[in-house]
Number of protein chains: 2
Amino acid sequence: MNSMNKIKSYAEEAARNTSIVVRERDVERVLAAIMLSSNFWKIVQLAEEPVPMVAELIQLMARDGLIAIEDNDIKLTQEGEAFCKAERIEALHTHLCPTCKGRTIVLDDSLKRPYEKFLELHQERPEAIRQYDQAYVTPETTFARISLADGRGDIRGRDIIVLGDDDMVALALAITKLPRRVVMLEIDERIVDFQKKKAAELGLSNLEVRRHDLRKPLPEDLLKSFDVFFCDPPETVAALAAFVGRGVATLKGMGGAGYFGLTSSESSFVKWRQLEQVLINKGLVVTDIIRNFNEYVNWNYAEEMLAWKLAPVKVKPVDNWYYSSIFRVEVVEEIPLDNEDLTDSDIYNDSESSTV
Amino acid sequence: MNSMNKIKSYAEEAARNTSIVVRERDVERVLAAIMLSSNFWKIVQLAEEPVPMVAELIQLMARDGLIAIEDNDIKLTQEGEAFCKAERIEALHTHLCPTCKGRTIVLDDSLKRPYEKFLELHQERPEAIRQYDQAYVTPETTFARISLADGRGDIRGRDIIVLGDDDMVALALAITKLPRRVVMLEIDERIVDFQKKKAAELGLSNLEVRRHDLRKPLPEDLLKSFDVFFCDPPETVAALAAFVGRGVATLKGMGGAGYFGLTSSESSFVKWRQLEQVLINKGLVVTDIIRNFNEYVNWNYAEEMLAWKLAPVKVKPVDNWYYSSIFRVEVVEEIPLDNEDLTDSDIYNDSESSTV
């Protein structure tokens, strides 16, 4: 079998074993990532592919002697190196901007003071727990989101809703004092209490915090009331469709904007395309997709998640490895949306998810 | 009439007069842009709205005394300022990264030498002419595209086709010597000759330059033969669909990638959404949208284009004002595409285009 066919056969075998669409290009990406790091979690980050796919491909190529797994390190063997050379698979050169790390925007002086205040509060925040599938972003990421949205005219004088707020976007927005109104909905009582308490301590009268399970219909008084929504939903097509749908339902209408994250670790590009179709169907245009904008802090329940079980080496991630791309959408057609109850539907799992 | 209704009525009136969908948000964007610049072309750039819409809104608001046009400067009147204050419309804060200017990537040392070589050649390049609707990007932009694509694994060892190459992407790629093969198709004999001559002078054996009218079917030998395409098509839905379709037809299949630009100056977000639907229908996923990535050099035929006729002040642009966002797409479903002849169909004009 020549090597091109070999790549194809790995793609096909991995696809059969994981129920994920795997293309030859995906196999090449995993190999290119292994050239840059021997750490499983870093490889997942660099390959920008779903965890179950990366784990499976590593197992298959280790079986065939292209990869060696030793002392928790994942490396190409001599045979693997020769294979990559023949295939012209090279280590990735990202050319990433060292200043903004590919985010397009920076935390400049105008938001520095609110950011410092937020950093203080952040140290006391509740930890991520598995019960709500939590993983929160770095404080820098929270403010990067605000900076990006400010650059799109989505912050100053705006009415903003945050649907699920593990990332403390609502509290951060309130601290900047730039929006007209900020409403936050969250199921986790700890986060609700934390933001309420901090808002009271700081006298932030523009922040309204409500406990709410987003699977349930939105409170009527929040429909058609906002200019902008933020959310960071679980990454099945059903969950994303549901949460973004909730977001759109809160918007006043044409020109309303929304922000959410989408990973490669839980979602292949096949799934991204399905989600993009969902967005278009909801009357939205995608105006920005900035790769790996959101950096998540490693969570404490790593060993309980499916990704851990799948990982070919059982070593805890040290550096942050879980990133998501930020999507910005805008309403260009008003399409009536349901406000249905989703409590009883399983919207949280599919073949590509592994960190729940 | 209260001011909120006033914004709405401007949106409605401008929509009637231009046949473009105009939302209240678009009116606000134009006002926010006027707070930052009094130059028409700069206002178009900052507002990120189609030229005909910006021109129309300025005329309407000047008629009502919110805007004054004096000595080629466009400014808010006192009444206009009070109006914006009441509406909480503020000047935009972009927070743009000063290093990469929002491009996410930088020109680093690894591409420095080819870039310098390219800069030299660029000084001798043919000027943009109206006959082919040309407007080329800065040399920095050409290399920024290559850096971005390199970071996505789309350059090294790849077979790359450039469909229409006013921007000299093919020549630049060949100079880097990183791709396996580069093919360029272009209708303008001057550009074909220039790239041929320079490739011969530099001994670039990996570059193949062909004269071709992209409205005609692609040569059979180029179908299903490439990993990556670049193009920068005219911005009607029909033209973009046709050119991107040509690009996809040249790709080997699953995992193939494409790059193209889309402006706000010629395309409203309503049109962006239509284009995104076209992309999805062609089996593509959008993986990146980076705002205002491409910077175009002001062209010499400014006074001949529709935008000039529409401009409320007849002053030539000094700074570059025409930008486009870069889209990256990837094939996740193989959908059979026609290779049809489009010579006789008018794919170049719609209500939002004005620089042809």
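Values below: every heavy atom of this structure, side chains too, minus hydrogens, waters and symmetry copies. Below, read A as the first sequence line, B as the second, and so on, with proteins coming before strands; counting in each chain starts at 1. What you are looking at is a predicted structure, and each value in this text was computed from that prediction instead of being measured.
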J.: To the nearest 0.5 Å, tell me how far Ile290(B) CD1 sits from Cys100(B) SG.
T.: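 Result: 9.0 Å between the selected atoms.
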J.: Checking heavy atoms, do the side chain of Leu284(B), its backbone, both or neither come under 4.5 Å from chain A?
T.: backbone
J.: Which atoms of Arg152(A) come close to chain B, meaning under 4.5 Å heavy atom to heavy atom: side chain ones, backbone ones, both, or neither?
T.: both
J.: Is Leu46(A) in contact with chain B via its backbone, its side chain, both, or neither, using a 4.5 Å heavy-atom distance?
T.: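 Answer is neither: Leu46(A) stays 4.5 Å or more from chain B.
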J.: With a cut-off of 6.0 Å (strictly less than), are more than 12 heavy atoms of other residues, nucleotides or ligands near CZ of Arg88(A)?
T.: yes
J.: Name the one of Phe260(A), Phe327(A), Tyr259(A) that satisfies ring-ring contact (aromatic ring centres under 6.0 Å, His included) with Phe230(A)?
T.: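 Option passing the ring-ring contact (aromatic ring centres under 6.0 Å, His included) with Phe230(A): Tyr259(A).
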J.: Please determine, among Ile105(B), Thr94(B), Leu148(B), the option with the most heavy-atom pairs under 4.5 Å with chain A.
T.: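 Ranked by contacts with chain A, first place is Ile105(B).
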J.: At a 4.5 Å cut-off on heavy atoms, which part of Val270(A) comes close to chain B: side chain, backbone, both, or neither?
T.: both
J.: Given heavy-atom pairs under 4.5 angstrom as the criterion, report whether the side chain, backbone, both or neither of Glu90(B) touches chain A.
T.: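 Just the side chain, heavy atoms under 4.5 Å.
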J.: Among Arg181(A), Lys224(A), Lys252(A), which residue satisfies the salt bridge (Lys or Arg N to Asp or Glu O under 4.0 Å) criterion with Asp159(A)?
T.: Lys252(A)
J.: Which atoms of Ser264(A) come close to chain B, meaning under 4.5 Å heavy atom to heavy atom: side chain ones, backbone ones, both, or neither?
T.: neither
J.: Chain A: which of Met254(B), His93(B), Glu48(B) shares the most heavy-atom pairs with it under 4.5 Å?
T.: His93(B)
J.: Using a 3.5 Å distance criterion without hydrogens, assess whether the side chain of Thr104(B) forms a donor-acceptor pair with backbone atoms of Thr104(A).
T.: no
J.: Checking heavy atoms, do the side chain of Arg29(B), its backbone, both or neither come under 4.5 Å from chain A?
T.: side chain
J.: Which of parallel (below 30°), tilted (30 to 60°) and perpendicular (above 60°) describes Phe143(B) and Phe118(B)?
T.: tilted
J.: Please flag which part of Leu92(A) lies under 4.5 Å from any non-hydrogen atom of chain B: side chain, backbone, both or neither.
T.: side chain
J.: Strictly below 4.0 Å, N to O, side chains only: are Arg158(A) and Glu28(B) in salt-bridge contact?
T.: yes
J.: Given heavy-atom pairs under 4.5 angstrom as the criterion, report whether the side chain, backbone, both or neither of Val286(A) touches chain B.
T.: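 Answer is both: backbone and side chain atoms of Val286(A) are under 4.5 Å from chain B.
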